[in-house]
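Structure first, commentary second.
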Amino acid sequence: MPQLFRPPWVSWDMTLLAGQEIAMTNPVNPRLREGSPYPRGATWDGKGVNFSLFSAHASRVEVCLFDEHGEKEVERITLPEYTDQIFHGWIADVRPGQFYGYRVYGPYEPEAGHRFNPNKLLLDPYARAHMGDLKWDDALFGYTIGHRDADLSFDTRDSAPFVPKCVVIDPNFDWRGQSGRNPLPWDQTVIYETHVKGYTKKHPHVPEGLRGTYAGMAVREVLEYIKSLGVTSIEFLPVHSFISDEYLLKKGLRNYWGYNTIGFFAPDPGYASDRAQSLREFKEMVSQIHDVGLEVILDVVYNHTAEGNELGPTLSFRGIDNASYYRLVADKPRYYVNDTGTGNTVNLSHRRVIQMVTDSLRYWADEMHVDGFRFDLGTILAREPNGFDNQSGFLKACSQDPTLETVKMIAEPWDCGPGGYQVGAFPPGWAEWNDRFRDDVREYWKGTQLASRLSPRLLGSPDLFDHQGRKPWSCVNFITAHDGFTLNDCVSYNDKHNDANGEGNRDGASDNNSSNYGVEGPTEDPRIIGIRERQMRNMLATLLFSQGTPMLLAGDEFGRTQLGNNNAYCQDNDISWIDWSLPERNGSLVRFVSRLTALRRQFPILRRGRFLTEAYNSELDIKELTWVNATGHEMAIGDWDVTRCLGLMLDGRARRTGIMKRGEDATLLLVFNSWHEDVQFVLPSVAEQHWRLLLDTNMAHQEKGDERLFPACTSYPAVGRSVLLFDLVAG
C-alpha cells in the first residue's frame with residue numbers, strides 16, 4: 001500500500017484506506033491555512049476557499065478535490081484545525097466551479113452509533129450546488145453487502161466514482177433578475193401546489209428544451225395563466241437536491257415527488273435545463289414569479305434524509321457524524337428511530353442540526369428570495385426525546401429569528417411516530433395543513449356526513465386553531481394535495497388504482513372519502529358526468545368560501561386525472577405530468593375557479609383576519625354569523641342532527657378587527673345542500689332588502705353579469721348537491 005500522509009496528531013488505521021495515487025497535502029503547505037469555523041460549508045473569498053464541517057465524534061476530515069469533470073480525485077487535503085467540534089481550513093487558489101467532497105475518519109462502531117468510513121466520499125451538508133447523478137453500487141454502503149453480519153462489517157471500496165460532487169460557488173454570481181422577496185398578506189393568500197417538472201413537461205408554450213425545468217416555470221405564458229386563476233402563491237414540491245431509491249430505479253421508476261433529500265442548500269440539478277446553472281436558473285425563476293406578483297413557497301423535507309435506515313448508503317450525514325445528525329434508539333444505537341416511516345429521523349434536538357436547518361431556511365429566504373416554506377412531516381421538527389413539544393428547540397429558534405418570522409411557515413402537523421397527529425398544536429406564527437377540512441368536506445359532499453361536521457370547517461376550524469391569539473389564516477384548507485386523489489379522481493373512483501407503482505396496489509390510503517357515482521373511472525353517461533362536474537364545483541366553492549387559507553392542487557381547475565392513482569410519488573410520466581389539452585376541453589371549470597377567487601377578493605368577509613363568532617353584540621346590534629335552516633330561520637339545536645342543507649349568513653356590518661366599530665363589508669348568505677334532492681331554501685328576512693344571487697354551482701357557465709335579485713322571504717331552489725352564494729342589496 002502506498003505511504004499516505006498521516007499528521008502526527010492523528011492516529012488512524014492504514015487498512016481503512018484503499019490505495020490510490022492522490023496527492024496528500026501536509027498542513028504546513030503554504031496553500032493551507034487554519035481558516036475559520038464560520039461560516040459552515042465551502043466559502044470562496046476571491047483568493048481561496050474556507051472549508052468548515054461540523055462533527056462531534058470524528059478524528060480527522062479530508063477535503064477531496066476533483067478534476068474539471070468531477071471524475072478524478074486529484075488531491076486530498078486534511079483540514080488542519082478543530083474548533084468547537086468544527087473542522088476547518090482555508091485553501092489558496094481553489095475557485096468557484098471546483099468539485100469537492102469530504103472523507104471523514106473516526107470509529108466504525110455501529111453498535112455505539114458511529115459509522116465513520118473514510119473510503120466513502122461524503123457530500124457537504126452546506127454545499128450550495130451538486131453535480132452528477134448518484135450511481136447505485138455496493139461501494140456506496142459503509143458495510144459489505146452480503147456480509148453475514150450485515151451493517152456490522154466494514155467496506156473498504158471507494159465510493160467516489162458513484163456519488164454526486166459538491167461544487168464551490170461564487171456567492172456574488174451575476175444573474176438576471178430583481179432581488180428581494182415578495183411577501184403577501186396571509187388574508188389575501190391562495191396557495192397553488194404544483195411540481196416544477198410535471199407542470200411544464202407537456203406545456204405547449206414552453207420551448208422543448210426548457211420543459212420540466214426551473215426555466216420552463218419562468219416562461220411568461222405559464223405564469224400569466226397561474227396569475228389568471230386568482231391564486232397568489234406557488235407552492236413547489238421539494239426542489240432540494242434529492243436521489244431516487246435503488247429499488248425504484250430497478251422497477252423503471254424514480255422518486256418523482258422528491259421527498260428524499262440529500263442536500264438542504266442545493267437546488268436539484270435535475271430540474272435545470274443546464275445542470276451547471278441550477279443555482280442561476282432557480283434564482284431567475286423566482287425573480288420571474290415575483291415579477292408577476294406571485295409568491296414562492298417551497299415544500300421542504302428536514303425530517304429525514306435519503307440515507308435511510310442502518311442498511312442504507314453512506315452519502316453524507318451518516319459518515320460525518322451519525323450519532324449527532326440522526327435520532328438513534330436509546331438502548332440500541334445501531335438502529336434508527338423511525339418516526340418518519342422512511343428509515344431515519346433527523347435529530348432536531350441537537351443544536352448543530354437545528355443550526356443547519358435554520359441556516360438552510362435563511363439561505364433560501366435571504367439569498368434565493370423564497371417567500372415561505374411548507375414542512376413535510378412537520379411534527380418531527382418539534383419532537384424532543386419525550387415526544388412532540390410546541391416549545392421545542394427548533395420552534396423556539398424559528399420564533400426568534402428575524403428572517404424566519406417574516407416568511408410563511410406552514411407545517412404538515414403529523415408524522416407516523418407516537419403522538420404524531422398534532423393539527424392545531426403548533427405555536428402562534430405557524431400555519432398548518434388541516435386534513436380535518438379535507439375529510440369533513442369530502443364526506444359532507446359524498447353525503448355521509450351531516451352539516452354539523454361541516455360548520456366549523458367553514459369558519460377556519462376554530463375548534464382547532466382559535467387559541468393563543470392565532471388567526472384563521474393559521475388553518476390551511478385543502479380538498480386535494482399531491483398525496484392522494486386529484487379532485488377529478490375524488491369524484492370518479494371509489495377505490496385507489498396504484499398498480500403502476502409496482503407494489504400490488506398495497507401502497508397509498510385505502511379510505512379516500514371518494515365516490516364514483518355509479519361507474520368506476522371514466523364514463524360517457526351524461527347523468528354521472530353532470531353529477532361529477534357539479535361535485536367538483538361544490539368542493540372548490542366550499543374551499544374558496546371558507547375562512548382560513550385555501551390551497552388548490554394544480555390541475556384541479558380543469559379536472560386533471562391520475563387514473564385513480566392516489567400515491568403517484570414514483571410516476572415521473574403522463575400519470576403525474578399535467579395534460580395541457582384539458583384546459584381547452586374544460587375551460588368552463590377554469591373560469592369557475594377564477595370566478596371563485598375573484599369573489600373571495602371582492603368580499604373581505606370571506607377571509608377575515610379574526611375568527612367570526614355567533615355572539616350577539618348589543619352595542620352594535622350585530623351578530624356576525626347566523627346558521628340558517630331551509631325555512632330561512634336560525635338553526636335550532638335539533639336541526640343539526642338531521643340537516644344536510646345548511647345556510648350561513650355573514651353580517652358585513654361586523655368589525656374587521658377587534659376594534660368596536662361597524663364594518664362596511666357586504667352581508668353574504670351561503671347555502672350548502674349535500675342532499676341528492678332539491679331543497680326549496682327560503683331566503684332570510686331582512687327589511688327592505690333583496691338577495692342577489694352571485695353563484696349557483698348548478699350552473700356550469702356562470703359569469704359575473706348573470707346575477708339575479710330575489711326578495712327576502714322568497715324561496716330559491718337549491719338543486720341537489722349544490723352551493724349558493726347571495727349578497728344583500730338595497731331593495
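Numbers here are sequence positions counted from 1. We use all heavy atoms of the structure for the numbers below, so side chains are in, but hydrogens, waters and symmetry mates are not.
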query: Looking at Leu458, Leu625, Thr626, Asp665, which one forms a side-chain contact (heavy atoms from CB on, under 4.5 Å) with Leu650?
result: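 Going through Leu458, Leu625, Thr626, Asp665 one by one, the side-chain contact (heavy atoms from CB on, under 4.5 Å) with Leu650 is satisfied by Leu625 alone.
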Where the side chain of [X] meets the backbone of [Y], is there a donor-acceptor pair that is under 3.5 Å apart?
X: Ser492; Y: Asn488; answer: yes
X: Asn513; Y: Glu443; answer: no
X: Thr379; Y: Gly420; answer: yes
X: Asn390; Y: Ala425; answer: yes
X: Thr549; Y: Trp473; answer: yes
X: Asn498; Y: Asn566; answer: yes
X: Asn516; Y: Tyr493; answer: no
X: Asn512; Y: Ala509; answer: yes
X: Asp439; Y: Arg436; answer: no
X: Gln422; Y: Phe388; answer: no

Lys/Arg cation over aromatic [Y]: [X], 6.0 Å, 45° cone:
X: Lys202; Y: Trp580; value: no
X: Lys471; Y: Trp186; value: no
X: Arg721; Y: Trp445; value: no

Taking atom [atom1] of [X] and atom [atom2] of [Y], what is their separation to the nearest 0.5 Å?
X: Met409; Y: Ile297; atom1: CE; atom2: CD1; result: 11.5 Å
X: Asn565; Y: His497; atom1: CG; atom2: NE2; result: 10.0 Å
X: His690; Y: Arg708; atom1: NE2; atom2: CZ; result: 13.5 Å
X: Arg692; Y: Phe710; atom1: CZ; atom2: CZ; result: 12.5 Å
X: Lys201; Y: Asp574; atom1: NZ; atom2: CG; result: 10.5 Å
X: Arg506; Y: Lys496; atom1: CZ; atom2: NZ; result: 9.5 Å

query: Under 6.0 Å between the ring centres of Phe375 and Trp430?
result: yes
field: Ring centroid separation His482 to Trp257 under 6.0 Å
entry: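 Aromatic pair counts; centres sit under 6.0 Å.
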In plain terms, say whether [X] and [Y] are close enough for a salt bridge, that is, a side-chain N and a carboxylate O under 4.0 Å apart.
X: Arg534; Y: Asp696; value: no
X: Glu295; Y: Lys408; value: yes
X: Arg585; Y: Asp579; value: yes
X: Glu432; Y: Arg470; value: yes
X: Asp376; Y: Arg374; value: yes
X: Arg181; Y: Asp371; value: no

- prompt: Under 3.5 Å, is there a donor-acceptor pair between the Gln571 and Asn501 side chains?
  reply: yes
Table please: side-chain donor-acceptor pairs of residues 224-231 below 3.5 Å, with sequence neighbours left out.
unit_1: Tyr225; atom_1: OH; unit_2: Glu557; atom_2: OE2; d: 2.7
unit_1: Lys227; atom_1: NZ; unit_2: Val292; atom_2: O; d: 3.2
unit_1: Ser228; atom_1: OG; unit_2: Tyr225; atom_2: O; d: 2.5

message: Does any part of the side chain of Val190, heavy atoms only, come nearer than 4.5 Å to the side chain of Ser233, both counted from C-beta?
response: no
message: If we check side-chain hydrogen bond (donor to acceptor under 3.5 Å, both in side chains) with Arg457, which of these qualifies: Asp463, Asn434, Thr542, Asn477?
response: Asp463
message: Taking atom NE2 as the centre, does His467 end up with more than 12 heavy-atom neighbours from other residues, nucleotides or ligands that are less than 6.0 angstrom away?
response: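 Atom NE2 in His467 is crowded, with more than 12 foreign heavy atoms closer than 6.0 Å.
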Within 6.0 Å of CD in Gln468, more than 12 heavy atoms from elsewhere: yes
message: Apply ring-ring contact (aromatic ring centres under 6.0 Å, His included) to residues Phe681 and Tyr716 and explain how you reach the verdict.
response: CA-CA 5 Å; Phe681 199 94; Tyr716 182 88; 9.4 Å; no
